[in-house]
Undergrad: 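This structure is in structure tokens; I'll ask about it shortly.
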Amino acid sequence: MPALSDVLAALDALWPPERAEQWDAVGTVCGVPDAEVGRVLFAVDPVQEVADEAVKLGADLLVTHHPLYLRGTTTVAASTFKGRVVHTLIKNDIALHVAHTNADRADPGVSDALAGALDLRITGPLVPDPTDPAGRRGLGRVCELDHPVALRDFAERAAARLPATAQGIRVAGDPDRPIRTVAVCGGSGDSLFAEVRAAGVDAYLTADLRHHPASEAQQAAAMSRGGDGLALLDAAHWATEWPWVEQAAAQLDEISDRHGWGLRTHISRTVTDPWTAHAPAAHAPTTAHVPPTTTPGAPR
């Protein structure tokens, strides 16, 4: 079996830490460099449920997309929920390694996995990495469908292909509108609306869309395109990044085979999306008008 330091060197070659955003916290959180690694668990979130899963599995290394300590800390006391994760991992000789925005910008990266899950053909990055002469790295991906489909059908495809969550897929736009080109960004993507408009795509699928950025993006696109606007598909954050877990495990499998390491990789299917239920409106919105209230005693 390889040493942890050997596995971490391979992971850093896949997702170089220097390519992470300056505000990010990537790399190894805990682990003994010369410890042997036989089992590796990949997950999105380093939460207690996932740490317990790693213990039950007998994993030697947990690789997550989201950092455990993004803002820094002054304590790892087990009386805090993040400190409890650290104690659980160290007591059971499990290392923790994080690949976040460095995995977002990689080739292949998080958005490649998202596009693959949706059966989209990638034409290039949404925000190219200027340090990549091949023009393949960067944030998000611009994609094409094999043939146009109605927005409602593309939304149903996304709901079926991505892991099920309480939120499902929220859609903005005419459900019958044909969709030919799509930009995707795993995780929170409403900071990239300028690049999405510049790409001229029919639709944008990402997560964590907020009212004002989404509204302004639609209005701006409608003005510049003569009324067609930009269709939006808002999925759960965790669901848009989970396909990377499968992709990352496959990448380490290939490295293990090449080096004869005999690693066993595992994929966490624990749903760590924080939302647990969804109460749909009694009637789907069909007009731009708010229906009269039915609350007893309320003014009409």
Side-chain angles (χ1 to χ4, degrees), residues 1-12 14-15 17 20 24-104 110 113 163-166 186-187 207 236-253 256 261 263-276:
M1 292 189 292
L4 174 64
S5 58
D6 295 326
V7 178
L8 295 182
L11 298 182
D12 282 343
L14 290 174
W15 314 299
D24 206 358
V26 302
T28 306
V29 178
C30 62
V32 179
D34 59 358
E36 290 187 337
V37 176
R39 289 180 184 267
V40 183
L41 178 64
F42 286 84
V44 175
D45 295 301
V47 294
Q48 188 63 44
E49 294 88 341
V50 171
D52 292 342
E53 182 181 358
V55 173
K56 184 176 180 180
L57 179 68
D60 306 297
L61 170 62
L62 171 61
V63 179
T64 65
H65 181 51
H66 289 151
L68 179 62
Y69 290 106
L70 182 59
R71 308 295 180 205
T73 187
T74 59
T75 178
V76 293
S79 56
T80 65
F81 68 92
K82 292 188 177 184
R84 183 184 171 204
V85 170
V86 173
H87 280 254
T88 298
L89 296 176
I90 292 177
K91 285 172 63 177
N92 290 278
D93 297 320
I94 303 171
L96 172 61
H97 187 80
V98 174
H100 192 210
T101 54
N102 49 332
D104 288 330
V110 171
T165 60
H237 189 121
W238 172 82
T240 63
E241 293 180 329
W242 187 86
W244 173 81
V245 174
E246 290 187 310
Q247 175 180 277
Q251 287 178 278
L252 185 56
D253 279 337
S256 174
W261 286 346
L263 288 179
R264 298 191 66 179
T265 61
H266 302 264
I267 298 164
S268 174
R269 300 185 184 278
T270 301
V271 178
T272 53
D273 184 70
W275 306 107
T276 58

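In this text the structure is predicted, and so the values were computed from the model without any measurement.
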Undergrad: Can you check whether W15 reaches V26 side chain to side chain, under 4.5 Å on heavy atoms?
TA: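 A side-chain contact under 4.5 Å is absent here.
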Undergrad: Do you know the tightest heavy-atom contact between A207 and A236?
TA: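 So the two residues come closest at CB-C, 3.9 Å.
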Undergrad: When you compare the side chain of L61 with that of L11, does any pair of heavy atoms fall below 4.5 Å?
TA: yes
Undergrad: Does the side chain of R269 reach to within under 4.5 Å of the side chain of V245, using non-hydrogen atoms?
TA: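 With C-beta onward as the side chain, the pair stays apart.
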Undergrad: Pairing donors with acceptors under 3.5 angstrom, does anything connect the side chains of T165 and D273?
TA: no
Undergrad: Hey, does P163 have a side-chain heavy atom less than 4.5 Å from the side chain of V271?
TA: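 They are not in contact (no side-chain heavy atoms under 4.5 Å apart), so the answer is no.
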Undergrad: Once you round to the nearest 0.5 Å, how far does CH2 of W261 lie from CG of D253?
TA: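 Result: 11.5 Å between the selected atoms.
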Undergrad: Identify the heavy atoms of A51 and V85 that sit nearest to each other, and give their distance.
TA: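 Where A51 meets V85 most closely, the heavy atoms are CB-CG1, 4.2 Å.
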Undergrad: State the NE2-CG distance between H97 and D12, to the nearest 0.5 angstrom.
TA: 4.5 Å
Undergrad: Could you check whether any side-chain N or O of D52 sits under 3.5 Å from a backbone N or O of V50, counting only pairs where one atom can act as donor and the other as acceptor?
TA: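 No, the answer is negative, given that no donor and acceptor are paired below the 3.5 Å cut-off.
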Undergrad: Under 3.5 Å, which donor-acceptor pairs link side chains of residues 29-42 to any protein atom two or more places apart or in another chain?
TA:
unit_1, atom_1, unit_2, atom_2, d
R39, NH1, H266, NE2, 2.9

Undergrad: Give the minimum heavy-atom separation between W238 and V44, together with the two atoms involved.
TA: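 Heavy atoms only, the tightest pair is CD1-CB, 3.6 Å.
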Undergrad: Is it true that the side chains of E53 and T270 contain a donor and an acceptor less than 3.5 Å apart?
TA: yes
Undergrad: Report yes if the side chains of D104 and W244 come closer than 4.5 Å at any heavy-atom pair, otherwise no.
TA: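 D104 does not reach W244 side chain to side chain.
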Undergrad: With no hydrogens and no angle check, just 3.5 Å: does a side-chain donor-acceptor pair link T88 and Q48?
TA: yes
Undergrad: List the atom of G187, the atom of T240, and the distance in Å for their closest heavy-atom pair.
TA: N-OG1, 2.8 Å
Undergrad: Could you measure the distance from the CG atom of D24 to the OG1 atom of T101? Nearest 0.5 Å is fine.
TA: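 OG1 of T101 is found 3.5 Å from CG of D24.
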Undergrad: Taking all heavy atoms of V98 and all of H65, pick out the closest pair and write down the distance.
TA: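 Minimum heavy-atom contact is CG1-O, 3.6 Å.
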Undergrad: Hey, what do you get for OG1 (T272) to NE2 (H66), rounding to the nearest 0.5 Å?
TA: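 It comes to 8.0 Å.
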Undergrad: What are the two closest non-hydrogen atoms of L62 and T64, and how far apart are they?
TA: CG-CG2, 3.8 Å
Undergrad: Output the distance between atom CG (D45) and atom NE2 (H237), rounded to the nearest 0.5 Å.
TA: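 One gets 7.5 Å once the value is rounded to the nearest 0.5 Å.
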Undergrad: Quick one, P2 and L263 - any side-chain contact, counting heavy atoms below 4.5 Å?
TA: yes
